[in-house]
Amino acid sequence: MSREQLEDFFLSLGEPRYRSMQVFKAVHQRRLQSFDEMTDLPKKLRAKLEDTADISRLSVGSRYVSTDGTRRYLMKTADGYPVETVFIPTENRDTICFSSQSGCPLKCDFCLTAKLGLLRNLTVGEIIEQMIIVLNDVYGVAAETPHGTNLVGMGAGEPFLNFDNLIAALGIMADENGLFIVPNRVTISTAGIVPRIYDLAKVVHRPHLAISLSSPRDEQRDVLMPINKKWDLDELMTAAKEFEGSLRRGERFTFEYVMLGGVNDSDRDAIDLADLLRRYQLTRVKINLIPHNGAEQLDYKASSSERVDRFKKILESRGVDAYVRTPRGRDIYAACGQLAAKSEPDLVQIRAI
Ligand code: SAH
């Protein structure tokens with residue numbers, strides 16, 4: 001619930017307005033996950049809340065810790081659907097990668113989450129609670145959220161197919177009386193749901209945008225990312241150009257490009273990609289090259305690091321900024337495209353909570 005919705009809820013219970021703020025802070029700032037812990041509330045009110053409301057709708061089934069410090073959480077909704085969240089520590093800042101859907105309806109050929117199909121959209125609460133669970137696990141309950149925690153909407157699911165819940169969740173997470181994670185520290189990735197790119201451009205306090213491209217040609221993108229048959233590259237790049245016009249000063253947006261060995265990583269592909277950006281006069285963009293993360297059920301292999309370097313150099317020689325995304329947590333199936341509720345016993349399960 002937003003602060004306003006929570007206020008209405010407390011008024012409907014016949015409780016004074018200030019109680020709603022107390023509970024908002026308890027949930028989002030202190031990150032308490034049961035009414036019992038809210039000892040600053042009268043016992044009677046706690047009992048009433050217990051009867052009428054839910055404070056937690058996710059439970060953690062298991063947690064895996066990678067040799068590189070990445071943590072992967074396999075959670076379940078109250079009605080039993082899988083949700084995956086990843087914590088990625090880096091030297092300067094930590095990042096939480098959250099999911100927007102249980103499973104995913106898009107059938108990207110190189111992605112393991114796609115094999116699940118769509119199970120269902122996550123609610124506003126289920127989106128936010130992923131951060132609460134991870135922050136409590138990493139920093140301790142009620143510990144202050146370290147400044148600089150970044151969020152990426154790059155977990156399971158297509159965020160732009162759950163747009164309203166996503167935007168509502170981001171609004172609540174930005175609240176200074178809550179998690180206080182402002183949209184400027186959030187990046188949302190879409191496979192190319194074109195109408196929502198136009199919508200996002202109009203959102204005032206909005207997150208950064210990343211678009212998964214993975215091919216510069218329609219014939220190839222149709223195969224790799226079937227959503228391309230609904231909105232082709234021309235429609236996608238036209239929307240991207242419009243979005244570019246809405247960027248703030250100094251802001252850029254990102255195209256992600258999964259590097260599939262022998263498929264989309266040739267010199268020709270790099271040249272076509274640079275040409276595509278030029279044709280739409282896109283200048284305030286950078287390309288994130290993502291080495292493919294493999295899995296048994298996937299027919300692709302990663303490009304060699306020499307190939308990735310060469311691809312990057314070609315882009316750079318044509319004036320396009322390109323970066324290589326270091327894969328994190330591959331050993332525990334936490335990396336991009338690997339989130340499919342895999343919990344083999346051979347994964348080192350450090351602690352089940
Ligand atoms: N549905 C959204 C959000 C997922 S973000 C989207 O497609 O953008 C996950 C990123 O990982 C996307 O850029 C996707 O293309 C990429 N990805 C998917 N499978 C992958 C894999 N096996 N290896 C590396 N990257 C992958």
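One-based numbering, in listed order, for ligands and for the atoms of each. Atoms considered below: every heavy atom in the structure, side chains included; atoms not considered: hydrogens, waters and symmetry mates.
Annotation: side chain of Asp94 is in contact with side chain of Phe87 (closest heavy-atom distance under 4.5 Å). Side-chain contact between Gln22 and Leu41: present, with at least one pair of heavy atoms (C-beta onward) separated by less than 4.5 Å.
Between Lys107 and Pro226, the shortest heavy-atom distance links the atoms O-CD, 3.4 Å.
Note on ligand 1: Gly155 sits in its first shell, one or more heavy atoms being nearer than 4.0 Å.
When only non-hydrogen protein atoms are considered, atom 11 (O) of ligand 1 lies nearest to Cys336 CB, 3.4 Å. In terms of protein heavy-atom proximity, atom 19 (N) of ligand 1 is nearest to Gly337 CA, 3.1 Å. The protein heavy atom nearest to atom 17 (N) of ligand 1 is Val258 CG2, 3.8 Å. Closest to atom 13 (O) of ligand 1, if we only count protein heavy atoms, is Ser212 OG, 2.7 Å.
For ligand 1, one of its N or O atoms has an N or O atom of His292 under 3.5 Å away.
Nearest to atom 5 (S) of ligand 1 by heavy atom, out of Met225, Met154, Arg330, Glu158, is Met154.
Residue Cys111 approaches ligand 1 through these ligand atoms, each under 4.0 Å from one of its heavy atoms: 18 (C), 19 (N). Close contacts between ligand 1 and Gly157 involve ligand atoms 1 (N), 2 (C), 3 (C) [criterion: under 4.0 Å to a heavy atom].
For Phe311 and Tyr257, the ring centers are positioned less than 6.0 Å apart.
Ion pair Glu244/Arg252 not flagged as a salt bridge, since none of the NZ, NE, NH1 or NH2 atoms sits closer than 4.0 Å to an Asp/Glu carboxylate oxygen.
Between Phe160 and Phe163, the ring planes lie perpendicular to each other; the angle is over 60°, past the 30° to 60° tilted range.
Residue Thr190 touches ligand 1 through its backbone alone, judged by heavy-atom distances below 4.0 Å. Residue contacts with ligand 1, taken as heavy atom pairs separated by less than 4.0 Å, involve Pro291 solely via the backbone atoms N, CA, C and O. If you look at Glu256 next to ligand 1, the close heavy atoms, those under 4.0 Å, all belong to the side chain. Contacts of Asn293 with ligand 1, taken as heavy-atom pairs under 4.0 Å, involve both backbone and side chain. Contacts with ligand 1 closer than 4.0 Å are made by heavy atoms of both the backbone and the side chain of Phe110.
In terms of modelled atom types and a separation under 3.5 Å, the side chain of Arg325 and the main chain of Pro291 share no donor-acceptor contact.
Taking a 6.0 Å sphere around NZ of Lys301, one finds it holds 12 or fewer heavy atoms contributed by other residues, nucleotides or ligands.
Under the 3.5 Å distance criterion, with hydrogens and angles disregarded, a donor-acceptor pair is assigned to the side chains of Asp234 and Tyr280.
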